[in-house]
Amino acid sequence: MSDSDQLREPIAAASPALWAALSPLGRRVAFPPDIPFQAAQARGKRFNGTIGQVTDGGGRPLALAAIEEALALAPEARDRALLYSPVQGIPEVRAAWRRWQRRGLGDDAPASSLPLVTVGLTHGLAVAADLFGGEGKAIAVPAPYWGNYRQTFAARTGARVLPAPAYRDGAYNPQAVCEALAGEPPGEPAVAIVNLPSNPGGYMPTAGERQALCAALLAEAERRPLVVLCDDAYAGLVYEPGVPARSVFWDLAGRHPGLVPVKIDGGTKEFSFFGGRVGFLTFPFAPGSEVAEALESKVKCLVRSVVGSPVATSQMLLLRALEAADVEEQVAAVRRRLERRCRVLTAALAGVDRALLRPLPFNAGCFALVELAPRLDPEAARRHLLAEHDTGLIAIAPSYLRIAFCSVKADDLPALVANLERGVRELAARG
Ligand SMILES: Cc1ncc(COP(=O)(O)O)c(C=O)c1O
């Protein structure tokens, strides 16, 4: 039996829906028992001649002083930062991130695996796309959406992205993803992306909307095996006290045999560690369970075949943050700054001329979306704002501009909105 054949039984036994939803590539891959596998088995041996990394012969890196001096870590942590990471990630980082993910959830929280480390969330999404995408596979994505999903799922794997209008009459539509899947043959496995807080929307659903979203996804799982990819890039950045901040992953895990949520998150936005490229992929199964181990083998094969192993240096820096006694307060301090910007932007947009542009609801994350009047082209507006008003925004077809309030000072946001309104009015006057 091949390595991948051996993984079929534990996955299919624990979750037939998950096995049904795997792509041909996802079924095929298994972590091979080659160098990292054999090197891991040799760790701690008196003579370890397995892995091709340069050391002093006792496990410490022969690092260049110039690099070593730049890393303000304790010597042991620095050594680990300079050597290869295990393909699945550094154990302490995985354990600490799992604790971070589960903080405040209580003892009855659903099972979740030890997160597997990826090179940023993009890589985590690409691994998920390899596992569950593939030629012709339906991927429902609330629209407007982060454009890179197109590259990750459609361009790379040939999946069919089904845009699911996320707003109806200017309000969040929790049924969107399921409406987009309505035309797919019953029984056919599908993938849905749930990105909350959203990019580009900057929206986190209210408790009622969240309930409706989960009910719709659970109903969809009655019709087909459904993998829900929870892209939690903006986890925790929620600014309305009454709006639940926890990931939808926790509301879906273990709720229906036909629905498998997968959590994709990381240090990028949650820890303001954009350049660190530490992401995580988490499955709704207990650490050490056979199904978690089988999925880990598949992910490790995909990681090893593309990036070798994830970056050790930034994992060790993230670990230092995760172990800081006041880490929650440090993260909260960034959130409070963004919350203020969100409030200032909300107030500034409240006064704009609705005949020209309509802000969509936003209360979370890093962004706000404005919808332009029907005759106005967002790309033309973007270029006009750049050329005439010293203002850079993102154009999103067919009718939106995205404002990244995360990268503008609160005090500058009213002037940015004034420029936006003026620019759009000028464009409208041109006809
Ligand atoms: C919704 C969403 N998912 C994933 C990512 C990618 O994150 P990373 O930079 O960690 O690859 C982003 C980045 O902007 C994002 O907005």
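The first residue of the sequence shown is numbered 1, and numbering continues consecutively from there.
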### Task
Take Tyr145 and Ile396, measure what side chain to side chain contact (heavy atoms under 4.5 Å, CB included) needs, and give me the verdict at the end.
CA-CA 9 Å; Tyr145 55 82; Ile396 299 178; over 6 Å; no
### Task
Output, in order, the C-alpha distance, side-chain angles, deciding distance and verdict of salt bridge (Lys or Arg N to Asp or Glu O under 4.0 Å) for Asp231 and Lys263.
CA-CA 6 Å; Asp231 177 344; Lys263 184 167 168 52; over 6 Å; no
### Message
Run the side chain to side chain contact (heavy atoms under 4.5 Å, CB included) test on Ile193 and Phe153 for me, step by step, so that the C-alpha distance in whole Å, both residues' side-chain angles and the decisive distance to 0.1 Å come before the verdict.
### Response
CA-CA 11 Å; Ile193 292 185; Phe153 290 91; 3.6 Å; yes
#### Entry: Verdict with reasoning, Val238 to Asn363, per side chain to side chain contact (heavy atoms under 4.5 Å, CB included)
CA-CA 7 Å; Val238 175; Asn363 58 6; over 6 Å; no
### Message
Would Trp19 and Arg27 count as a side chain to side chain contact (heavy atoms under 4.5 Å, CB included) here? Give the steps.
### Response
CA-CA 8 Å; Trp19 182 260; Arg27 290 186 184 189; 3.6 Å; yes
### Message
salt bridge (Lys or Arg N to Asp or Glu O under 4.0 Å) for Asp3 and Arg28? Distances and angles first, verdict last.
### Response
CA-CA 9 Å; Asp3 293 336; Arg28 209 157 57 230; over 6 Å; no
### Residues Arg168, Glu179; criterion salt bridge (Lys or Arg N to Asp or Glu O under 4.0 Å); working and verdict
CA-CA 12 Å; Arg168 187 188 283 149; Glu179 288 168 359; 2.5 Å; yes
### Query
What do the steps show when you test Arg335 against Glu329 for salt bridge (Lys or Arg N to Asp or Glu O under 4.0 Å), and what is the final call?
CA-CA 10 Å; Arg335 191 191 64 235; Glu329 175 46 33; over 6 Å; no
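Partners of Arg341 under the side chain to side chain donor-acceptor pair (under 3.5 Å) rule, at least two apart in sequence or in another chain, do not exist in this structure. In this view, Glu379 and Arg382, Arg383 satisfy the salt bridge (charged side-chain N to carboxylate O under 4.0 Å, His left out) rule, not counting sequence neighbours.
The ring of Trp100 has its center closer than 6.0 angstrom to the ring center of Phe271. Annotation: Phe362 is not in aromatic contact with Tyr203 [ring centroid separation under 6.0 Å not met].
Side-chain atoms of Arg223 never come within 3.5 Å of backbone atoms of Pro186 as a donor-acceptor pair (strictly under, hydrogens ignored). Checked by atom type and distance alone, the side chain of Asp377 never pairs as donor or acceptor with a backbone atom of Ala381 at under 3.5 Å. A donor-acceptor pair under 3.5 Å is formed between the side chain of Ser305 and the backbone N or O of Leu302. Ser314 places no side-chain N or O within 3.5 Å of a backbone atom of Arg277 that could act as its donor or acceptor partner. Looking only at distances, no side-chain donor or acceptor of Arg255 sits under 3.5 Å from a matching main-chain atom of Cys214. Distance alone, capped at 3.5 Å, is enough to place a donor-acceptor pair between the His123 side chain and the Val119 backbone. Using modelled atom types, no side-chain atom of Asp5 and backbone atom of Arg8 make a donor-acceptor pair closer than 3.5 Å. In terms of modelled atom types and a separation under 3.5 Å, the side chain of Tyr239 and the main chain of Gly365 share a donor-acceptor contact.
Atom CG of Leu319 is separated from atom CE of Met316 by 5.0 Å, given to the nearest 0.5 angstrom. One distance of note links OG1 of Thr122 with OH of Tyr149; it measures 9.5 Å at 0.5 Å rounding. Of the inter-residue distances, the one linking Leu217 atom CG with Cys178 atom SG reads 4.5 Å to the nearest 0.5 angstrom. In this structure, the separation between CD1 on Ile35 and CZ on Arg304 is 5.5 Å, given to the nearest 0.5 Å. One distance of note links CD of Gln330 with CG of Asp326; it measures 4.5 Å at 0.5 Å rounding. In this structure, CZ in Arg80 is found 12.5 Å from OG1 in Thr313, a value given to the nearest 0.5 Å.
When only modelled atom types and interatomic distance are considered, Gln151 and Asn148 share a side-chain donor-acceptor pair under 3.5 Å. Gln315 and Ser85 form a side-chain donor-acceptor contact under 3.5 Å, judged by distance and modelled atom types alone.
With respect to the salt-bridge test (charged N to carboxylate O, under 4.0 angstrom), the residues Lys298 and Asp130 do not qualify. Salt bridge annotation for Arg102-Asp107: absent, with no cationic side-chain nitrogen under 4.0 angstrom from a carboxylate oxygen. Electrostatic pairing of Arg336 and Glu339 does not count as a salt bridge here, judged by no charged N lying under 4.0 Å from a carboxylate O.
For the residue pair Thr55 and Gly58, the shortest heavy atom distance occurs at OG1-N, 4.4 Å. When all heavy atoms of Gly267 and Leu318 are compared, the closest pair comes out as CA-CD1, 4.4 Å. The two residues Ala253 and Pro284 have their closest heavy-atom pair at CB-CB, 3.9 Å.
Within 6.0 Å of CD in Gln53 there are more than 12 heavy atoms belonging to other residues, nucleotides or ligands. Heavy atoms of other residues, nucleotides or ligands lying less than 6.0 angstrom from CZ of Phe273 number more than 12. Surrounding CZ of Arg103 are more than 12 heavy atoms belonging to other residues, nucleotides or ligands, all under 6.0 Å away. At most 12 heavy atoms of other shown residues, nucleotides or ligands fall within 6.0 angstrom of atom CG in Asp390.
When side chains are defined from C-beta on, Pro200 does not count as touching Trp146, because their heavy atoms never get closer than 4.5 Å. At least one side-chain heavy atom of Phe285 sits under 4.5 Å from a side-chain heavy atom of Leu18. Gln88 has its side chain within reach of Arg94: a pair of non-hydrogen atoms, C-beta onward, lies under 4.5 Å apart. The shortest distance between side-chain heavy atoms of Thr391 and Leu393 falls below 4.5 Å. Residues Leu357 and Leu420 meet the side-chain proximity criterion, which asks for heavy atoms closer than 4.5 Å. With contacts defined as side-chain heavy-atom distances shorter than 4.5 Å, the pair Val117/Val278 qualifies. Contact check for Glu184 versus Arg160: side-chain heavy atoms found under the 4.5 Å cut-off. Contact check for Asn173 versus Tyr167: no side-chain heavy atoms found under the 4.5 Å cut-off.
With Ser247 as the partner, the side-chain hydrogen bond (donor to acceptor under 3.5 Å, both in side chains) test is satisfied by one option alone out of Asp232, Thr282, Asp265: Asp232.
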